[in-house]
Amino acid sequence: MGRLALNDLIVDVPGRGSGRPLALAIEPGQIWGVLGPNGAGKTTLLHTLAGLRAPRAGQVQLAGRPLGDLGRREVARRLGLVFQERSDGFPATVLETALIGRHPHLSPWQMERDDDIALARDALARLDVAHLEQRLVGTLSGGERQRVAIATVLTQAPQLWLADEPTNHLDLHHQTSVMALLAEQACSGRAVVLCLHDLNLAAQWCSHLLLLYPGGEACWGPARQMLVPAALERLYGQPLSTAMIDGIPVFVPTR
Ligand SMILES: Nc1ncnc2c1ncn2[C@@H]1O[C@H](COP(=O)(O)OP(=O)(O)OP(=O)(O)O)[C@@H](O)[C@H]1O
């Protein structure tokens with residue numbers, strides 16, 4: 001299954017001390033939110049969890065095996081990435097882009113089959129971009145591109161999602177529907193790790209939180225235990241007002 005273990009992991013953030021090693025496991029069914037101010041190391045952590053960057057110390061294990069022992073193809077079958085930087089190497093349509101999600105499941109020169117195309121179309125419909133399937137990705141708005149990137153990972157159908165600010169560029173309705181999609185993925189036995197700047201989305205949707213402080217300090221646990229106003233104010237250096245709506249805390253920055 002898609003258990004991701006961080007074994008005394010120290011993420012290699014350039015020019016920073018090592019801080020507290022991360023010792024935790026992300027289990028199927030959980031949604032982990034990574035919170036922290038700009039520059040705290042959230043993206044660097046996600047890159048490390050994806051095996052794109054070596055840790056300074058410790059190890060990442062996916063499904064009981066060190067990430068480095070798994071081939072890139074095997075990692076790509078199990079792990080889906082929604083990252084911030086996207087380079088459009090060559091012009092591709094929305095449907096062709098979503099189909100890239102099937103590549104880890106196909107042999108190198110195998111064409112996509114009808115069921116791969118059906119999966120991609122379902123994912124585009126789920127992300128509300130089916131009507132754009134013949135458009136070149138380079139012509140899309142920021143929010144449309146973001147939804148196509150998420151549809152590509154949905155087409156990939158990984159056991160574990162790593163998503164860097166997946167609600168970036170999205171309007172309120174699409175933020176909610178993307179978070180609902182990730183919750184659905186977790187409910188179906190997958191695991192989700194996402195970096196978020198929106199505390200309220202974290203409070204509403206995450207089962208667990210990892211708080212990364214700029215100096216390398218970190219704490220983690222079930223979301224309800226981590227959403228302590230004083231800890232969050234210290235995390236962001238920002239006073240907050242808190243209210244409860246439908247049993248969920250809501251945080252508003254105050255002057
Ligand atoms: N290649 C690099 N060389 C030097 N510094 C780097 C490099 N990559 C990242 N950093 C620094 O490491 C720190 C962590 O960066 P990272 O992108 O992980 O932060 P983040 O928490 O995701 O920030 P944000 O909220 O702004 O997206 C930053 O101070 C960044 O400038």
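We count ligands from 1, going down the list as the structure has it; atoms in each ligand are counted the same way. When a residue number appears, it is its place in the shown sequence, counting from 1.
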Among all protein heavy atoms in this structure, tell me which lies nearest to [atom], with the distance rounded to 0.1 Å.
atom: atom 26 (O) of ligand 1; answer: Asn38 ND2, 3.0 Å
atom: atom 17 (O) of ligand 1; answer: Thr43 CB, 3.6 Å
atom: atom 27 (O) of ligand 1; answer: Glu165 OE2, 3.9 Å

Completion exercise
Sequence neighbours excluded, the answer for salt bridge (Lys or Arg N to Asp or Glu O under 4.0 Å) partners of Glu74 is Arg65, Arg78
Report, in ascending order of atom number, the atoms of ligand 1 lying under 4.0 Å from any heavy atom of [X].
X: Lys42; answer: 18 (O), 19 (O), 20 (P), 21 (O), 22 (O), 23 (O), 24 (P), 25 (O)
X: His197; answer: 25 (O)
X: Ala40; answer: 19 (O), 21 (O)
X: Thr44; answer: 14 (C), 15 (O), 16 (P), 18 (O)

Exercise for the section: May I ask you to decide whether Glu217 forms a salt bridge with Arg234, counting only side-chain N to carboxylate O separations under 4.0 Å? Expected result: no
Handout entry: Test item: protein heavy atom less than 4.0 Å from atom 20 (P) of ligand 1
Key = yes
Handout entry: Heavy atom of protein inside 4.0 Å of atom 31 (O) of ligand 1, strictly below
Key = no
Problem - Identity of the nearest option to atom 29 (O) of ligand 1, non-hydrogen atoms only, from Pro37, Pro14, Gly39 - result: Gly39
Practice task
For ligand 1, indicate whether the residue Arg16 contacts it via side chain, backbone, both or neither (heavy-atom separation under 4.0 Å).
Solution key: neither
Practice task
Record the part of Val13 in heavy-atom contact with ligand 1 below 4.0 Å; permitted values are side chain, backbone, both and neither.
Solution key: side chain
Problem - Asp164 vs Leu194 side-chain heavy atoms within contact, under 4.5 Å - result: no
Problem - Flag if over 12 foreign heavy atoms under 6.0 Å of CG, Asp114 - result: no
Practice task
Take Glu184 and Arg126 through the salt bridge (charged side-chain N to carboxylate O under 4.0 Å, His left out) test and state the conclusion after the steps.
Solution key: CA-CA 12 Å; Glu184 208 178 280; Arg126 181 70 173 76; 2.5 Å; yes
Problem - Partner of Leu210 by side-chain contact (heavy atoms from CB on, under 4.5 Å), out of Leu45, Leu35, Val193 - result: Leu45
Practice task
Please report the closest heavy-atom contact between Leu240 and Phe251, naming both atoms and the distance.
Solution key: CD1-CD2, 4.3 Å
Practice task
Might you point out which heavy atoms bring Thr155 and Ala123 nearest each other, and give the distance in Å?
Solution key: OG1-CB, 3.3 Å
